[in-house]
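Some notes on the structure that comes next.
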Amino acid sequence: MNRIDWEKRTVRHMIELWCRKNHGGQACCEMGSRGGGQESHGGGGEGSHGGQGSHECQVGHGGPGLCGECRELLEYSLARLEHCKFGNAKTKCHKCPVHCYRPDMREKIRTVMRFSGPRMLLYHPLEALRYLFSR
């Protein structure tokens, strides 16, 4: 797996965790992953979007997925990574000299990462450790 693919998987996990705990969404079987493996994700948190706790999966997995706001953020983040001018030589985004996110999306992703980063140790420990020790 190259650096960009790894970053995409990490940001997907972080946004799914944020949505599940803050908007009541639940990730379904690693939305969009190519591995095909099912991953069980437990109950959602208190929803701040009132009544939007159950969202249909947008990629055909059949289970609940991300809310519209989080799906938009994920799609935007994946597009930014896909078009990163540094490619596989990229550093962590917060260390990058080029800020390619729009200011509003940058603030949203920072909020998500501040929340999800520490929790990744519980939900995706190997990925969290890999991130901590990467450049």
- [ ] Find the distance between CG (Leu73) and CG (Leu66) and round it off to the nearest 0.5 Å.
- [x] 9.5 Å
Task: Under 3.5 Å side-chain donor-acceptor pair for Ser116 and Tyr123 - done: no
Open item on the list: Treating Lys92 as the side-chain partner and Tyr131 as the backbone partner, does any N or O pair qualify as donor plus acceptor under 3.5 Å?
Closed with: yes
- [ ] State the CG-CG distance between Leu122 and Leu17, to the nearest 0.5 angstrom.
- [x] 9.0 Å
Task: Glu7 side-chain N/O to Leu81 backbone N/O, donor-acceptor pair under 3.5 Å - done: no
- [ ] For Asn2 and Asn88, indicate whether the former's side chain and the latter's backbone hold a donor-acceptor pair under 3.5 Å.
- [x] no
Task: Inter-residue atom distance Lys108.NZ - Trp18.CH2, 0.5 Å rounding - done: 11.0 Å
Task: Phe133 six-ring face occupied by Arg130 cation (under 6.0 Å, within 45°) - done: no
Task: Close side-chain approach of Met14 to Thr10, heavy-atom, < 4.5 Å - done: yes
Open item on the list: Among Lys8, His124, Arg119, exactly one meets side-chain hydrogen bond (donor to acceptor under 3.5 Å, both in side chains) together with His13. Which residue is that?
Closed with: His124
- [ ] Please assess Arg20 against Glu16 for the test salt bridge (charged side-chain N to carboxylate O under 4.0 Å, His left out), listing each intermediate value before the final yes or no.
- [x] CA-CA 6 Å; Arg20 187 168 68 242; Glu16 287 174 347; 5.6 Å; no
- [ ] Taking all non-hydrogen atoms of both residues into account, name the closest pair between His23 and Cys67 and its distance.
- [x] ND1-SG, 3.2 Å
Task: Straight-line distance of Thr91 OG1 to Phe86 CZ, nearest 0.5 Å - done: 7.0 Å
Task: Nearest heavy atoms of Ile15 and Leu74, plus distance in Å - done: CD1-CA, 3.6 Å
Open item on the list: Measuring from atom CG of Asn22 to atom CD of Glu69, what distance do you get when rounded to the nearest 0.5 angstrom?
Closed with: 10.0 Å
Task: Over-ring placement of Lys21 relative to Phe115, 6.0 Å and 45° cut-offs - done: no
- [ ] For Arg114 and Glu107, run salt bridge (charged side-chain N to carboxylate O under 4.0 Å, His left out): C-alpha distance rounded to whole Å, both residues' side-chain angles, the deciding distance at 0.1 Å, then the answer.
- [x] CA-CA 10 Å; Arg114 262 188 244 117; Glu107 190 55 41; 3.8 Å; yes
Task: Spacing of Arg12 atom CZ and Arg9 atom CZ [to the nearest 0.5 Å] - done: 10.0 Å
Open item on the list: Any heavy-atom pair between the side chains of Val11 and Val112 that's under 4.5 Å?
Closed with: no
Open item on the list: I'd like to check Ser134 versus Arg3 (side-chain heavy atoms, cut-off strictly below 4.5 Å). Are they in contact?
Closed with: yes
Open item on the list: Check whether Tyr76 forms a cation-pi arrangement with Arg102 (NZ or CZ under 6.0 Å from the six-membered ring centre, at most 45° off the ring normal).
Closed with: yes
Task: Heavy atoms from other residues, nucleotides or ligands near NE2 of His99 exceed 12 (cutoff 6.0 Å) - done: yes
- [ ] Kindly write out the residues that satisfy salt bridge (Lys or Arg N to Asp or Glu O under 4.0 Å) with Arg106, not counting sequence neighbours, or none if the list is empty.
- [x] none
